[in-house]
Participant: 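There's a structure below that I have some questions on.
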2 protein chains.
Amino acid sequence: MRPDVPLGAPHERSDAARNRERLLNAARDLVAEFGAEALTMDALACKAKVGKGTVFRRFGSRAGLMMTLLSDSESEFQAGFMFGPPPLGPGAAPKDRLVAFGEGRIYFVLENGELLKAAGAATRNRFDVPATKLSHRHMEVLLREAGIADPWVMAMSLTYALDPERIVDDVRVRGISPTRLADSWRELITRLLGSV
Amino acid sequence: MRPDVPLGAPHERSDAARNRERLLNAARDLVAEFGAEALTMDALACKAKVGKGTVFRRFGSRAGLMMTLLSDSESEFQAGFMFGPPPLGPGAAPKDRLVAFGEGRIYFVLENGELLKAAGAATRNRFDVPATKLSHRHMEVLLREAGIADPWVMAMSLTYALDPERIVDDVRVRGISPTRLADSWRELITRLLGSV
DNA sequence: ATAGAAAACGGACCATAGTCCGTTTAGTAT
DNA sequence: ATACTAAACGGACTATGGTCCGTTTTCTAT
């Protein structure tokens with residue numbers, strides 16, 4: 001339990017643990033029933049039988065809550081590109097890994113789109129989402145290997161090209177198929193990193 | 001006056017005109033003095049000596065107000081890439097026009113960043129900002145000329161790569177110089193559209 | 001078991017975008 | 001000039017994210 005408490009952190013008080021549990025359960029229920037967009041912090045506090053202050057002390061903000069809710073699937077995706085089999089994981093050429101990364105990201109976003117949009121909204125500095133930082137770093141490394149002159153900035157461009165809001169809206173609002181997005185991503189990376 | 005009223009629209013009433021004038025002046029003053037981010041609709045209504053309902057009937061939303069405030073500079077930039085001299089305007093190769101477009105956009109965003117961020121926030125579907133649609137279309141045409149397989153989707157990727165929030169945060173929060181952004185954009189377009 | 005300190009609690013409170021609707025006002029037809 | 005109508009007005013009201021701070025609870029040292 002308490003996966004991300006810094007070592008030697010003071011014991012979490014039992015009431016705090018109980019409320020965290022209540023809050024997570026309530027939040028998952030609400031998201032399952034009404035969708036992430038419709039979740040309000042008041043409703044959550046109420047459903048979890050907890051004061052509103054407690055909700056905010058626990059998660060900091062609505063975005064923080066959404067990130068917490070995401071963390072399981074996110075970790076899984078991260079494990080995929082960091083330790084999984086090629087071409088997503090290590091062992092393939094940077095170009096192929098980037099193609100796979102983008103594709104994976106597109107489908108990941110389409111599965112967790114509401115949560116991701118909700119996590120990214122409201123929070124100024126979408127980039128400060130830890131998962132985003134990790135993705136950025138991953139792309140940066142691959143781009144450097146592939147000989148891009150300024151991999152940090154290029155990774156940022158690609159990060160925004162894979163913005164959850166963009167992907168979700170392309171598919172759900174503008175009617176672009178995920179396949180078409182993935183194909184275009186492949187074209188982008190292929191042309192960017194040396195021909196064919 | 002009244003630049004964008006559909007032909008044959010019923011006369012704008014004199015009180016409406018007067019209030020629009022008041023609101024625009026007040027808004028410009030507030031932005032000049034405190035910045036776009038700090039502008040609240042209440043403060044605007046108050047300063048313009050107008051009811052809050054009037055503000056919203058006029059502009060629809062905070063984002064709508066920001067777009068109105070932007071429209072002059074935006075039109076100028078648009079004129080640049082649609083009718084201006086090459087390489088930004090017609091007459092140069094698509095690749096060069098795209099490079100120039102991105103550079104122009106970067107500097108445009110840095111000048112009008114607050115307004116753009118404010119216009120893009122709050123409004124779900126940042127893409128529905130008319131100016132964004134036009135930019136997207138412009139890039140789409142150039143990408144098609146340059147032989148990109150799916151210019152519509154690729155233009156969307158590039159649109160997000162030039163996201164105002166991204167550019168402003170890169171420069172002001174993450175300390176990337178505009179030059180470095182522009183160079184990376186050039187690298188991106190150059191590699192994307194056939195070598196050197 | 002008890003006292004004291006640190007942490008957690010909860011809900012009233014604030015700020016702000018956006019809505020609603022009864023009232024006022026500007027044009028128009030007579 | 002008058003009456004009429006449609007448009008515009010304004011501000012009280014709602015929804016919601018987020019803050020504050022006096023009160024309660026848990027843990028620990030004795």
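Convention: sequence-line order gives letters A, B, ...; per-chain numbering from 1.
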Participant: Looking at A:Thr40, does any N or O in its side chain come under 4.0 Å of the phosphate oxygens OP1/OP2 on D:dA15?
Facilitator: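 No, no such contact exists.
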Participant: In this structure, how many angstroms lie between the P atom of D:dT16 and the CZ atom of A:Phe34, rounded?
Facilitator: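 After rounding, the reported distance stands at 13 Å.
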Participant: Can you measure A:Arg57 atom CZ to C:dC9 atom C1' for me and round it to whole angstrom units?
Facilitator: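 Answer to the nearest Å: 6 Å.
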Participant: Between B:Ala38 and A:Asn19, name the one whose nearest nucleotide on DNA chain C is closer to the 5' end.
Facilitator: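 Its nearest nucleotide lies further toward 5', so the answer is A:Asn19.
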Participant: Calculate the interatomic distance between A:Lys47 atom NZ and C:dG11 atom P; express it in whole Å.
Facilitator: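 For the pair A:Lys47 NZ and C:dG11 P, the rounded distance is 18 Å.
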Participant: Identify, between A:Asp42 and A:Ser14, the residue whose nearest nucleotide on DNA chain D lies closer to the 5' end.
Facilitator: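 The answer here is A:Asp42.
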Participant: Taking the nucleotide of DNA chain C with the nearest heavy atom to each, does B:Asp15 or B:Gly53 sit closer to the 5' end?
Facilitator: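 In this pair, the answer is B:Gly53.
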Participant: Are the side chains of A:Ile189 and A:Leu158 in contact, using a 4.5 Å heavy-atom criterion?
Facilitator: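 In short, these two side chains touch, coming nearer than 4.5 Å.
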Participant: Kindly say if B:Arg58 contacts the phosphate of D:dC9, meaning a side-chain N or O under 4.0 Å from OP1 or OP2.
Facilitator: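 The answer is yes; a side-chain N or O of B:Arg58 sits under 4.0 Å from OP1 or OP2.
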Participant: To the nearest Å, how far apart are A:Met41 CE and C:dG10 P?
Facilitator: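 Rounded to whole Å, this separation is 15 Å.
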Participant: Taking CD from B:Glu37 and C1' from C:dA17, how many angstroms apart are they, rounded to a whole number?
Facilitator: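 One finds 16 Å between C1' of C:dA17 and CD of B:Glu37, rounded.
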Participant: Any chance CZ of B:Arg18 has more than 12 other-residue heavy atoms, nucleotides or ligands included, within less than 6.0 Å?
Facilitator: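 Yes, because the 6.0 Å sphere around CZ of B:Arg18 holds more than 12 heavy atoms from other groups.
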Participant: State, without any angle test, whether B:Arg166 and A:Thr159 hold a side-chain donor-acceptor pair at a distance under 3.5 Å.
Facilitator: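 No, because no side-chain N or O of B:Arg166 sits under 3.5 Å from a partner of the opposite role on A:Thr159.
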Participant: Output the rounded distance in Å from CZ (A:Arg18) to P (D:dT24).
Facilitator: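 After rounding, the gap between these two atoms is 16 Å.
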Participant: With a 3.5 Å cut-off and just heavy-atom distances, do the side chain of A:Lys52 and the base of C:dA12 make a donor-acceptor pair?
Facilitator: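 In this structure, the two groups form no donor-acceptor pair.
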Participant: Is there a side-chain contact between B:Arg62 and the phosphate of C:dA17, meaning an N or O under 4.0 Å from OP1 or OP2?
Facilitator: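 For B:Arg62, the contact criterion (side-chain N or O under 4.0 Å from OP1 or OP2 of C:dA17) is met.
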Participant: Does a side-chain heavy-atom distance below 4.5 Å link B:Cys46 with B:Lys52?
Facilitator: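 They are not in side-chain contact.
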Participant: Would you tell me if any nitrogen or oxygen in the side chain of B:Ser61 comes within less than 4.0 Å of OP1 or OP2 on C:dA17?
Facilitator: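 Negative; the distance criterion is not met.
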Participant: Please evaluate the base of D:dA7 for a donor-acceptor partner in the side chain of B:Arg13 within a cut-off of under 3.5 Å?
Facilitator: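 Donor-acceptor pair under 3.5 Å: yes.
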Participant: With a cut-off of less than 4.0 Å, is there a side-chain N or O of B:Arg20 near OP1 or OP2 of D:dA8?
Facilitator: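 No, because none of the side-chain N or O atoms of B:Arg20 sits under 4.0 Å from OP1 or OP2 of D:dA8.
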Participant: What integer distance in Å separates B:Leu23:CG from D:dG10:C1'?
Facilitator: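 Taking atom C1' of D:dG10 as the reference, CG of B:Leu23 is at 12 Å.
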Participant: Just compare D:dA8, C:dA8, D:dG10 and give me whichever is closest to any side-chain atom of B:Thr54.
Facilitator: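 Output: D:dG10.
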Participant: I would like to know whether A:Arg97 and A:Glu103 meet salt bridge (charged side-chain N to carboxylate O under 4.0 Å, His left out); could you show each step before the answer?
Facilitator: CA-CA 10 Å; A:Arg97 291 191 70 187; A:Glu103 284 184 2; over 6 Å; no
Participant: Can you tell me how far P of C:dT16 sits from CZ of B:Phe56, to the nearest Å?
Facilitator: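 To the nearest whole Å, that distance equals 12 Å.
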